[in-house]
Undergrad: 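Pasting a structure below so you can have a look.
None of the values given here were measured: they were computed from a predicted structure. Here is the naming used below: chain letters follow the sequence lines, and residue numbers restart at 1 for every chain.
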Amino acid sequence: MIRLRYAATLARTKLQSRKGSLFTTIAVSSILFSVLIAIIIVFTAVEKSTMSLVRAANNDQYLVKVSPVLPGGAVIGMNPVKLTANDIKLVRDYEADYYKNLKNKYTTAGLKYIEPDPSDSLLIPNAFADPATPSELRYRLNFNSSLMRGFEQSQLVAYSKTARNTFADLQKVVDSYHGSGYYNIGATPLPPIPNQLLIIDDKETFNDNTLKAGDMTLYGYSVNAIHNSSYEMQDQQLLSRYITYRDTSSLKGIPVLVTAQEAATLFGGRMGIASEPESDTAKQSWLKEVKQKLTGQTYQSCYRNQPEQQLLAKIQQDYANIESHKNDKDYKKPSLIYSYPSAPCGDIAVQSDTRDKIEKDAEAARISEEKKLGMYEAPSHRTITYQIVGFITAQPYSDATKDISSYFKNLLSYHADLMGAVIPEQMYQSLPDNLKFSPSQLANTNLGYTDATASLAPHIVAFPSIEQARAFISNEGCSSSDTDCKKLFHADPYGSNYLILDEVGKLFSKIMLYILPAVMILAGLIIWFMMSRVMSDNRKETAVYRAMGARRIDIAFIYLTYTLILSILTVFTSFLMGITTAYILNETYGKQLADTASLAFGVGDSGVARLSLFDVSSPMLLYAFGTILCLCLVAVIQPLIRNVLRPPIRDIRTE
Amino acid sequence: MDSSPIIELRHVSRTYTVGRERIAALRDMSLTINQGEIVAITGPSGSGKSTLLQLIGCLDQPTSGEIIIDGKAVQHLSDRALSQVRRATIGFIFQSFYLQPFLKLKDNIAVPAMFSSQEPDDIMNRVTDLLTQVGLSDRMDHFPRELSGGQIQRAAIARALMNQPAILLADEPTGNLDSSNSQAIVDLFKNIREKLGTTIIIVTHNPEIAAQTDRTIVLKDGVII
C-alpha cells in the first residue's frame with residue numbers, strides 16, 4: 001500500500017483545489033461544532049462551579065428541611081368547619097374540664113366564680129353548614145375563643161403521644177438514607193414587635209411600633225427583621241457561611257445575623273455606607289464594606305412585658321383622646337394618666353392620678369385576685385443588647401422573564417423560609433446569663449406541650465449526596481406547599497436550589513443527547529456533500545493514478561488521509577472557536593454572573609467557590625473530539641466506496 | 001533487438017452499450033507488437049484507436065478475445081492484478097499530460113513510484129536521472145504552471161518512465177505541441193527505445209509522426225485496414 005508520507009503528499013494537493021468550497025465546509029462545520037463545544041465548556045463550568053457553590057453554601061452537605069405533617073394543622077385531626085360527632089365530643093369534654101379546673105381554682109382561692117361567656121365557647125353554630133348536616137353536628141370551631149390556644153396545645157400533646165412522625169421517627173427514617181446530621185431551626189426565643197421596640201438614637205420607637213412587611217414577601221419581612229424584632233434561632237452550622245464575627249468570648253450582646261440591607265439602612269448612614277446598589281458587581285463591594293464596618297455593631301431594644309404593653313397602649317390612647325378633645329370644655333380626662341418613659345427603656349411614670357377610692361380599690365382587688373389565681377404579672381421591662389455577627393444578603397423576588405440575568409438570579413437564588421434575623425444557637429448558648437433573654441415567668445410551663453413541640457419541631461437534615469437527599473425527599477416527603485400531603489413529612493431542599501440545579505444539569509445532558517447527534521448529522525451531511533464533490537471533481541485524477549498502477553486501496557488511503565487532514569483542521573478550528581467563544585463569554589459575563597451567584601448563595605467574596613463560565617475538563621469534549629474525527633471518516637465512506645469502485649476507464653475515456 | 005512479442009491481441013472485440021444501442025469499438029482484432037517496436041496507431045475519430053490503447057494498457061477489458069501482455073493473459077485478471085501489470089509494465093502518456101498542478105515537478109515524476117514499494121531514496125535518484133534524461137533537471141522544484149508545453153510533455157514522458165515500463169503508451173502525445181516540440185518528442189521516444197528497449201505505441205493523427213515509427217496500424221470502424 002502507498003506510504004503515509006506519499007498519501008499525505010497527494011492528499012495535500014486536494015486541499016489546494018476548490019479552496020472556497022473547502023473553506024466554506026470547514027467554516028460551517030466548525031461553527032456548528034464550536035457552538036457545541038462552547039456550550040459544553042460553558043455548561044460544564046456553570047454546573048461544576050454551581051455545585052461547588054452549593055457545597056460551599058451547605059458545608060459540603062445537601063440539606064433538607066423536614067417538618068412533620070400535622071393533619072388538620074393546629075387543631076390536629078379536625079376539619080374546623082366540618083366537625084364530626086367525635087370532634088364535638090372532644091371539644092366539649094375539653095371545655096368542661098377547663099371550666100371545672102377554673103372553678104376549682106376560684107373556689108380554692110376563696111373567690112367567686114363567674115360563669116363563662118357562652119360566646120367564648122370553642123364551638124359556635126355553623127351558619128354555612130350543609131343543610132343535610134344533622135343539627136347536632138352544625139358547629140364549627142371558634143378561633144376567637146380564649147380557650148383555643150390551650151385546646152390547640154392539648155391536641156398537639158395528644159397527637160404527639162401516638163404520632164409516627166416525631167423527631168425520633170424521623171431519625172429512624174433518615175438513617176435508612178444515610179443522613180449525616182440534624183440541625184435545629186425554627187425556635188423563636190424573643191418576643192416580636194411591639195413587645196420589643198428598637199432603640200435608635202437613644203429613643204424607643206414608640207411611634208413606629210407596627211410590623212413592617214416591605215413588599216409582603218419573605219424578602220420584605222427579612223429586611224425589616226430588626227425593626228420587627230423578629231428573631232429565629234438556628235443551629236450555627238447552618239449559618240457558618242454568613243458569620244463574620246466568631247469571637248464568642250467577647251460578645252457584648254445576643255449574637256445575631258441580619259440582612260445586609262437592613263443593617264446598612266439602620267446603622268450604615270453614620271458609617272458612610274451607601275444604600276444597596278443595583279448591580280451585583282457593585283453589590284459585592286458594598287457587601288464587603290457593610291461586613292467590614294458593621295461586623296460587631298451592637299444595638300439595643302427594649303422588651304416590655306404584656307402588662308407594660310397595656311400601659312403603653314393606654315398612654316397612646318389617652319394622649320390621642322386628650323389631643324382630639326383639647327377644645328372640648330366638657331371632656332373629662334382619664335383619672336389615671338401615665339407618661340411615656342423619659343429615658344430609653346425607662347420606667348413608665350404616673351403623670352396624674354385623680355382616681356377616687358372606689359377606682360383604686362377596684363384596681364387593688366383585681367391585682368389581688370390575679371395573684372391568688374397565679375395569673376398576676378407586674379409591668380416590667382428590660383434592655384436587650386444585640387451584636388451583629390454576620391450578614392445575610394436577602395434576594396428580592398424578581399420577574400424571571402424580565403431578562404436573562406433575572407432568570408439566572410431566580411434559578412440560583414434560594415429564598416430561605418426566613419422572615420427574621422437569625423440567632424446562632426451555639427453562640428447564644430455561650431452567652432453569660434445576663435446577656436440572654438429570660439422569658440416571662442408566666443411563659444408556658446406546660447411540660448407536656450414543650451415536649452410535644454420539641455418532638456414535632458422542624459429540623460434540617462443533612463445528606464452526603466444529592467441522590468440521597470433526592471431519594472429521601474421523593475420517597476418520604478411532600479413539598480411544604482402541598483396542603484393535601486398524605487406522607488408523614490414535609491420535605492424541601494434547604495440552603496440552595498440544589499435539586500433544581502441538579503435537574504438542570506441532567507436536563508442539559510438529555511438535551512445534549514439530542515443536540516449532539518443533530519449537529520453531528522448536519523455537519524456530517526455537509527462533509528459528505530463536500531467530499532462527494534471533491535471526489536467527483538477528482539475522478540479524472542483518480543483514473544490517472546489508477547492508470548499509473550494505483551490500487552483501489554491506494555486511492556482509498558489517499559482520500560482517507562485527505563479526510564483526516566480535513567477533520568483535524570475542522571477539529572482544530574472548532575475547538576479554537578469554541579474555546580475562544582467560551583473564554584470571551586467568561587470574560588464578558590463571568591464576573592457579573594459570579595457576583596450574582598455569590599450573592600445568591602450567600603458566600604459573598606469568601607473565595608471558597610466562584611461561578612465560572614469556562615471549564616475544559618468535561619469528558620464530553622474528548623467525546624466531541626473523537627466524534628468529529630470519526631464523523632469525518634464516516635461521512636467519506638460512501639463517496640469513497642463509490643469512487644474507488646468506479647472503473648478508471650470511464651473517466652479516462654471522457655478525455 | 002529482441003523481436004519476441006510483448007503484446008498480443010487474439011480475436012479481441014470490445015462492444016459498448018450506449019442506451020439501447022450496442023456499439024462495436026473493436027471487432028475481432030488480432031495484433032502482435034514486438035518488444036522494442038515503435039508503433040503508430042492512426043485512423044479517423046471513432047475508429048477505435050483509444051479503445052485499443054486502453055485495452056493494451058489494461059484499463060479496460062475486452063468483450064471477447066484474448067490479450068497477452070508480456071506473456072500474461074490479462075483479460076480475466078483481478079483489479080489488483082491489473083493494477084500490478086499497469087504499475088510494472090506500462091507507462092501512460094496522456095494527451096492532456098495530467099501533471100498534478102500543486103506538486104513540484106520532482107514529485108509529479110515520482111507519482112507512479114509512490115504506488116510501488118520502492119524506497120524513497122531510490123525514487124528520488126530515479127527522478128533525478130529521468131529529469132536529466134529529458135533535459136529538465138534544472139526544473140525539479142518548479143510547478144507545472146512554470147513550464148512550457150514542450151517541457152510539460154517531456155515531464156509527462158519522464159513520469160511514464162518512472163517505473164521502468166516495458167511498454168509506453170502515448171495517446172496523441174504531440175497533439176498539443178508545435179512541430180518542433182513534436183519532433184523533439186518523437187526523437188525522445190526513439191532515444192528511449194534505443195537506451196531502454198521500450199516498446200512504444202503512439203496513437204496519433206499526425207502522418208509525419210506516424211511516418212517516423214517502425215510500423216503504422218491504421219484502424220477504421222474497429223478493424224485494422
Undergrad: Does a donor on one side chain sit under 3.5 Å from an acceptor on the other, for B/Asn125 and B/Asp122?
TA: no
Undergrad: Would you mind checking which part of B/Ser117 comes under 4.5 Å of any heavy atom in chain A, side chain (CB onward), backbone (N, CA, C, O), both or neither?
TA: backbone
Undergrad: With a 4.5 Å cut-off on heavy-atom pairs, point out which of B/Gln61, B/Gln84, B/Arg159, B/Arg86 contacts chain A the most.
TA: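 Ranked by heavy-atom pairs under 4.5 Å with chain A, first place is B/Arg86.
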Undergrad: With no hydrogens and no angle check, just 3.5 Å: does a side-chain donor-acceptor pair link B/Thr204 and B/Asn206?
TA: no
Undergrad: Do B/Glu8 and B/Arg10 sit within salt-bridge range, that is, some charged N less than 4.0 Å from a carboxylate O?
TA: yes
Undergrad: Which bit of B/Leu99 comes within less than 4.5 Å of chain A, counting heavy atoms only: side chain, backbone, both or neither?
TA: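 For B/Leu99, there is no contact with chain A at all, as no heavy atom is under 4.5 Å.
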Undergrad: What is the distance from atom CD1 of B/Ile192 to atom CG of B/Leu196, rounded to the nearest 0.5 Å?
TA: 7.0 Å
Undergrad: Check whether B/Gln118 gets within reach of chain A through its side chain, its backbone, both or neither, counting any heavy atom under 4.5 Å.
TA: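 The backbone, not the side chain.
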Undergrad: State, without any angle test, whether A/Thr44 and A/Glu47 hold a side-chain donor-acceptor pair at a distance under 3.5 Å.
TA: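 Absent: no donor and acceptor within the cut-off.
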Undergrad: Has B/Phe143 got more than 12 heavy atoms of other residues, nucleotides or ligands less than 6.0 Å from its CZ?
TA: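 For B/Phe143, atom CZ is crowded (more than 12 foreign heavy atoms under 6.0 Å).
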Undergrad: Between the side chains of A/Ser536 and A/Arg533, does any donor sit under 3.5 Å from an acceptor?
TA: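 There is no such pair between these side chains.
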Undergrad: Under 3.5 Å, is there a donor-acceptor pair linking the side chains of B/Tyr98 and B/Asn108?
TA: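 The answer is no; no qualifying pair exists.
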Undergrad: Does any backbone or side-chain atom of A/Leu10 lie under 4.5 Å from a heavy atom of chain B? Answer side chain, backbone, both or neither.
TA: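 The answer is the side chain of A/Leu10.
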Undergrad: Please name the residue in the list B/Ile201, B/Val203, B/Val12, B/Leu31 that meets the side chain to side chain contact (heavy atoms under 4.5 Å, CB included) test with B/Leu52.
TA: B/Leu31
Undergrad: Going by an N to O cut-off under 4.0 Å, is there a salt bridge joining A/Glu541 and A/Lys14?
TA: yes
Undergrad: Identify the residues of residues 551-571 of chain A whose heavy atoms come closer than 4.5 Å to a heavy atom of chain B, ordered by number, or report 'none'.
TA: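 A/Arg551, A/Arg552, A/Asp554, A/Ile558 fall under the 4.5 Å cut-off.
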Undergrad: Report which part of B/Pro165 has an atom under 4.5 Å of a heavy atom belonging to chain A: side chain, backbone, both, or neither.
TA: neither
Undergrad: B/Ile33 and side chain to side chain contact (heavy atoms under 4.5 Å, CB included): which partner among B/Ile41, B/Ile167, B/Thr199?
TA: B/Thr199
Undergrad: Under a 3.5 Å cutoff, is there a donor and acceptor pairing between the side chains of B/Arg154 and B/Gln151?
TA: no
Undergrad: Looking only at heavy atoms, which of residues 62-80 of chain B get nearer than 4.5 Å to chain A?
TA: B/Asp79, B/Arg80
Undergrad: Side chain from CB out, backbone as N, CA, C, O: work out which of these in A/Arg5 comes under 4.5 Å of a heavy atom of chain B, or both, or neither.
TA: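 Only the side chain of A/Arg5 comes within 4.5 Å of chain B.
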Undergrad: Is A/Arg3 paired with B/Glu119 through a side-chain N to carboxylate O contact shorter than 4.0 Å?
TA: yes
